[in-house]
Structure formats: C-alpha cells, structure tokens
Trainee: 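Please find one structure pasted underneath; my questions will follow.
Note that the coordinates shown come from a computational prediction; the quantities given were computed from them, not determined experimentally.
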Amino acid sequence: MTKIKRVSLAVLAVLAAVPAVVLADDEPPKPETLAVDALVDKFGNPKSAVNLQISRPETSGKLYRFCATTDGFNKSGHFIGLTYWEIILDPDDPDRAKVRDVTGLFSDCYSARFHTPQD
C-alpha cells in the first residue's frame, strides 16, 4: 500500500470516529439523573441532600416514578431519621418534575429498594 493510501485511510478512520464521539456527548441525561437533579433542586442546595439514595424507576407510559431517601434533620441540625421522597418526571420535560415528601404517608416508597445514584 502506498504512503498516500495509508494516510488517506488514517484520515478517514479519524473522521469516521468524530461523529461517534460528538453523538456520545449529546446523549440525553438518564431519567435517574433527572430525578436526582429534581430532588436537589427542591432543596435549593446540593449539600442539603445528605446521603441521598434512589430506587429503580417504575414506568407508566412515558412517566418515570422514583422513590428516594435523604437524611432528615430538625431545626437544631440533629439527625431525626430518613425522609422519604416520591419523584415523578417526564424525561421530555424534566423542569416540571413533581417532587413530594411522603414521609409519614401511606406510600410504596417505604418498601422500595434503594441504591446510591451513579454519576
């Protein structure tokens, strides 16, 4: 193979790889990431979502429902137990996620299996 053909093939290989890299960066965020963001937004400060744990999603049509827990504190800053959260979101409109505190309410979130969210 001539030197020009080798260089041409190398350039083509690089150019073929560029769209794949660009597309990888343009992937929409995962529903779990959107749910975590919605809960953190509810707190207004990411440091307030202490020991955040989240469940796997349940789906209903295009909506995702997550349960989550965070450490709960009283006004003096003392730990008082877990706070349970329900997050319902539409990945097409994540700014309108519904986040509600279900602690003390009859909720399936008490029996959910939780894990630490992945970045």
Trainee: Give me each pair satisfying side chain to side chain donor-acceptor pair (under 3.5 Å) with a member in residues 41-51, each pair once, sequence neighbours excluded.
Mentor: Asn51-Asp71
Trainee: Can you name the nearest heavy-atom pair linking Pro29 to Leu34, along with the distance?
Mentor: CG-CD2, 3.8 Å
Trainee: So, using side-chain hydrogen bond (donor to acceptor under 3.5 Å, both in side chains) as the criterion, who are the partners of Thr70 when residues are at least two apart?
Mentor: Trp85
Trainee: Determine the minimum heavy-atom distance between Ile87 and Ala38, stating which atoms define it.
Mentor: CG2-CB, 4.4 Å
Trainee: side-chain hydrogen bond (donor to acceptor under 3.5 Å, both in side chains) with Thr59: which residues, sequence neighbours excluded?
Mentor: none
Trainee: Answer yes if Ile54 and Val99 sit in the same cluster of Ile, Leu, Val, Met, Phe, Trp and Tyr residues linked by side chain heavy atoms under 4.5 Å apart, and no otherwise.
Mentor: yes
Trainee: Taking side chain as C-beta onward, heavy atoms only, is Pro94 less than 4.5 Å from Asp37?
Mentor: no
Trainee: Applying salt bridge (Lys or Arg N to Asp or Glu O under 4.0 Å) as the test, list every pair that has at least one member in residues 53-63; sequence neighbours left out.
Mentor: Glu58-Arg65, Lys62-Asp90, Lys62-Asp92
Trainee: In the hydrophobic clustering (ILVMFWY, side-chain contacts below 4.5 Å, transitive), which residues join Phe73, or is it alone?
Mentor: Val50, Phe79
Trainee: Not counting sequence neighbours, list each pair that qualifies as a disulfide bond (SG atoms under 2.5 Å apart) and has a residue in residues 38-102.
Mentor: Cys67-Cys109
Trainee: Could you give all pairs that pass the salt bridge (Lys or Arg N to Asp or Glu O under 4.0 Å) test and reach residues 93-107, with sequence neighbours left out?
Mentor: Glu86-Arg100
Trainee: If I take atom CG from residue Leu52 and atom OG1 from residue Thr116, how far apart are they, to the nearest 0.5 angstrom?
Mentor: 8.0 Å
Trainee: Just grab all the ring-ring contact (aromatic ring centres under 6.0 Å, His included) pairs involving residues 97-116, residues at least two apart or on different chains.
Mentor: Tyr84-Tyr110
Trainee: Under 4.5 Å between side-chain heavy atoms, hopping through other hydrophobics if needed: is there a path connecting Leu82 to Val102?
Mentor: yes
Trainee: If the condition is side-chain contact (heavy atoms from CB on, under 4.5 Å), which residues does Ser76 pass it with, not counting sequence neighbours?
Mentor: Asn74, His78
Trainee: For Lys75, enumerate each residue passing the side-chain hydrogen bond (donor to acceptor under 3.5 Å, both in side chains) test, keeping only those at least two apart in sequence or located in another chain.
Mentor: none
Trainee: Locate the shortest heavy-atom distance separating Gly72 from Thr83; write the atom from each residue and the value.
Mentor: CA-OG1, 3.5 Å
Trainee: Go through the structure and list residues passing ring-ring contact (aromatic ring centres under 6.0 Å, His included) with Tyr64, not counting sequence neighbours.
Mentor: none
